[in-house]
Amino acid sequence: MIKAITGTKDILPNEIPNWNNLEDIVCNAMKAFNYKEIRTPIFEETRLFSRGIGEATDIVGKEMYTFLDRSETSITLKPEMTASVVRALLEHSLDKQNQLNKLFYISPMFRQERPQAGRFRQFNQFGAEALGSISPALDAEMILLAYQILKRLGLSNFVVKINSLGVPSSRENYKNLLKEYLSDKLNDLSEESQKRYETNILRLFDSKDRDDQKIMEHAPLLIEHLDDESLEHFEEVKQMLLSAGVPFEVDPKLVRGLDYYTHTTFELVSGSVGSQSALCGGGRYDLLVKQLGERDVPGVGFAAGIERILLAMENEKVMPEFIPQIDYYIVRLEKELSKKVFEIANNLRKEKSVEFDYTQRSVKAQMREANRLGAKKVLMIGGSEYERGMVVLKNMSDGSQEEIAIKEFE
RNA sequence: GUGGGUGUAGCUCAGUCGGUUAGAGCGCCUGGUUGUGGCCCAGGAGGUCGUGGGUUCAAGUCCCAUCUCUCACCCCA
């Protein structure tokens, strides 16, 4: 039997209402904050991601679905959306048409990792990007937006973590400080962390190695060595979150894996899913656009994992229940009336949802099916009523029925 | 890429110290009088026990391999 590729999933009809519900809530929230939807291709030239996300990141280094097409161009299925959105912005000069572009998306992404709870190779994200302003109000808005969406979906068991990475100049100073602190402890670090000491020293804070954590516990923190401008930016973000009533905690060790972040980074972390607990992550990226084009456009954004959110909703038992319903089921008493049923059904279908039996089942079986489908009303065609030009209309909720002229349905 | 667990009906699972026709619940189908659902009752369909080897008189059960799914590491949404 041919099966879906490892790490991919079919979303079956009975799950679709949950997806539609989530997408509706996302779209409505985005609309409320005046974000406009954007859709970009599923694949891009590989160098968009290698340049945009960063060669040293895990995503680019070992997780991308990359292949050569027939003209030998290196193609990659998008592992995240920010680089694509920025590409589209520059390609169509949206940044010149509007000073500020507030965009959102809902789209599948692809990463070749080992699947586990809350992690898939094809997964869906919704997210938002605001391009064109350095205002901390937008950093706060992103966090508020993500927070509100999760709340509207019914989730409560999650926390908002924020941090600031400052600007590159203050970060460089800090990195040197950190290197100095670690210089005599290098041999005590795990192998992985020793590598990161060279490639991306900030990520040492992420290490789950006990000994590493012990060492890092006393390390100087970036947030204590920010320049004044970065501090002020961060302070304003926090003030606005407070005034918006968004509870948050500052996590100085929150260092995100993508190269392009500056200033604010944040995560919304659930306590209701497995170890893949980040429902949503994002931050400010004032340098990315320049890296991909010649123009200098600041930006801030977030991405949220739909599968993880649905999983959290299930575990928190806040998934709304959707009971299937149709307006009419048409029961045919004599099988010679099949053509009549077909005609009436299609008339009703101009306005209502209608179903009928396509096989030759008994009246009892048809009624059972009507009940199974959640039909509000059953139209019975045939017998003496039909000869008098009437049909029986049965109300399935209370079992009452009445005769109505068949003309009403023709 | 590394490690642990798992695989029996459409679904959730039981199956004893290896022993004869492999079970349950749910779901599905049919029926419980001539043309009526939900509840109840009766009956029915549906399984090469993941796959391939091996041990044995005998394997769903033991051993090996392989695949699958799954959880965790890693990383992230």
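Letters A, B, ... are given to chains in the order of the sequence lines, protein chains preceding strands, and every chain is numbered from 1. The basis for the numbers below is simple: all heavy atoms, side chains too, and nothing from hydrogens, waters or symmetry mates. Predicted model only: the values in this text are computed from it and were never measured.
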Pairs of donor and acceptor atoms involving the side chains of residues 5-16 of chain A, under 3.5 Å and at least two apart or interchain, shall be tabulated with distances.
residue : atom : partner : partner atom : Å
A:T8    : OG1  : A:I5    : N            : 3.3
A:T8    : OG1  : A:I5    : O            : 2.6
A:E15   : OE2  : A:L12   : N            : 2.9

Please tabulate, for side-chain N and O atoms in residues 130-143 of chain A, each donor-acceptor pair with protein atoms closer than 3.5 Å (sequence neighbours left out).
residue : atom : partner : partner atom : Å
A:S133  : OG   : A:S135  : N            : 2.9
A:S135  : OG   : A:A137  : N            : 3.0
A:D139  : OD1  : A:R284  : NE           : 2.8
A:D139  : OD1  : A:R284  : NH2          : 2.8
A:D139  : OD2  : A:H233  : NE2          : 2.9
A:D139  : OD2  : A:T264  : OG1          : 2.6
A:D139  : OD2  : A:R284  : NE           : 3.1
A:E141  : OE2  : A:Y35   : OH           : 2.6
A:E141  : OE2  : A:K102  : NZ           : 2.7

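The pair A:E385-A:R388 fails the salt-bridge criterion, with no side-chain N (NZ, NE, NH1 or NH2) lying under 4.0 Å from an Asp/Glu carboxylate O. The existence of a salt bridge linking A:E113 and A:R121 is excluded, since no basic side-chain nitrogen approaches an acidic carboxylate oxygen closer than 4.0 Å. Checked for salt-bridge contact, A:R39 and A:E37 meet the test: a charged N lies under 4.0 Å from a carboxylate O.
Between the side chain of A:Q116 and the base of B:rC74 there is at least one donor-acceptor pair of N/O atoms closer than 3.5 Å.
Using C1' as the reference atom, B:rA22 and B:rU61 are 12 Å apart when rounded to the nearest Å. Distance noted for atom C1' between B:rA24 and B:rA9: 11 Å (whole Å). B:rG43 and B:rG23 have their P atoms separated by 16 Å, given to the nearest Å. If you take atom C1' in B:rC57 and the same atom in B:rU20, they sit 13 Å apart, rounded to whole Å. B:rU33 and B:rC69 have their P atoms separated by 49 Å, given to the nearest Å. Comparing the same atom, C1', in B:rU16 and in B:rG53 gives a spacing of 27 Å after rounding to whole Å. Comparing B:rU34 with B:rC26, their C1' atoms are spaced 33 Å from each other, to the whole Å. The separation of B:rA59 from B:rU2, taken at their P atoms, amounts to 35 Å, rounded to a whole angstrom.
Residue A:G399 is in base contact, counting any heavy-atom pair closer than 4.0 Å across all strands shown. The residue A:Y329 sits apart from the nucleic acid: no heavy atom pair falls under 4.0 Å. Nucleic acid contact for A:A303: sugar-phosphate only, since backbone atoms but no base atoms lie under 4.0 Å from a heavy atom of the residue. Contacts of A:K377 with the nucleic acid, taken as non-hydrogen atoms under 4.0 Å apart, are absent.
Checked against salt bridge (charged side-chain N to carboxylate O under 4.0 Å, His left out), A:K36 has no partners two or more places apart in sequence or in another chain. In terms of the ring pair (Phe, Tyr, Trp, His ring centres under 6.0 Å) criterion, A:F43 has no residue partners (sequence neighbours excluded). Qualifying ring pair (Phe, Tyr, Trp, His ring centres under 6.0 Å) partners for A:F120, counting only residues two or more places apart in sequence or in other chains: none.
In this structure, A:L12 atom CG and B:rC11 atom C1' are separated by 12 Å, rounded to whole Å. One atom, CG of A:L268, and another, P of B:rC76, lie 17 Å apart when rounded to the nearest Å. Atom pair A:K376:NZ and B:rG37:C1' shows a separation of 17 Å (rounding to whole Å applied). Atom-to-atom, CZ of A:R119 to P of B:rC74 comes out at 10 Å; the value is rounded to the nearest Å. Distance CE (A:M81) to P (B:rC76): 20 Å, rounded to an integer number of Å. Spacing between atom CZ of A:R332 and atom C1' of B:rU36 amounts to 14 Å, rounded to whole angstrom units. A:N124 has its CG atom 10 Å from the C1' atom of B:rA77, to the nearest Å. Rounded to whole Å, atom C1' of B:rU70 lies 14 Å from atom CZ of A:R121.
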For nucleotides 3-5 of chain B, give me every protein contact, N/O to N/O, under 3.5 Å, one pair per line with atom names.
residue : atom : partner : partner atom : Å
B:rG3   : O6   : A:R114  : NH2          : 3.3

Please write out the pairs of protein N or O atoms and N or O atoms of nucleotides 7-10 of chain B separated by less than 3.5 Å, giving the distance to one decimal.
none

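With the nearest nucleotide of RNA chain B identified for both A:I59 and A:K9, A:K9 has the one nearer the 5' end.
Pairing each heavy atom of A:M64 with each of A:P79, the nearest pair is SD-CG, 3.9 Å.
Using cut-offs of 30° and 60° for the angle between ring planes, the A:Y174 and A:H225 rings count as tilted.
Taking a pair as Watson-Crick or G-U wobble with both distances under 3.5 Å, the runs of three or more consecutive pairs in RNA chain B are B:1-5 with B:69-73, B:10-13 with B:23-26, B:28-32 with B:40-44, B:50-54 with B:62-66.
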Q: Take nucleotides 28-35 of chain B nucleotide by nucleotide from the 5' end and write B, S or -, depending on whether a protein heavy atom sits under 4.0 Å from the base, only from the sugar-phosphate, or from neither.
A: SSSSB--B
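Aromatic ring centres of A:Y147 and A:F248: separated by at least 6.0 Å.
Screening residues 339-393 of chain A for ring-ring contact (aromatic ring centres under 6.0 Å, His included) gives A:F356-A:Y358 as the qualifying pairs, with residues at least two apart or on separate chains. Counting only residues at least two apart or on different chains, the salt bridge (Lys or Arg N to Asp or Glu O under 4.0 Å) pairs with a member in residues 308-328 of chain A are A:D327-A:K376. For residues 16-31 of chain A, the set of pairs meeting the salt bridge (Lys or Arg N to Asp or Glu O under 4.0 Å) definition, not counting sequence neighbours, is empty.
For A:E45 (side chain) and A:S74 (main-chain N/O), no donor-acceptor pair under 3.5 Å exists by modelled atom type. Side-chain atoms of A:N163 do not come within 3.5 Å of backbone N or O of A:T265 as any donor-acceptor pair.
At B:rG38, none of the side-chain N or O atoms of A:K394 fall inside 4.0 Å of OP1 or OP2 (strictly under the cut-off). Regarding contacts with the backbone of B:rC76, every side-chain N or O of A:Q276 stays at 4.0 angstrom or more from both OP1 and OP2.
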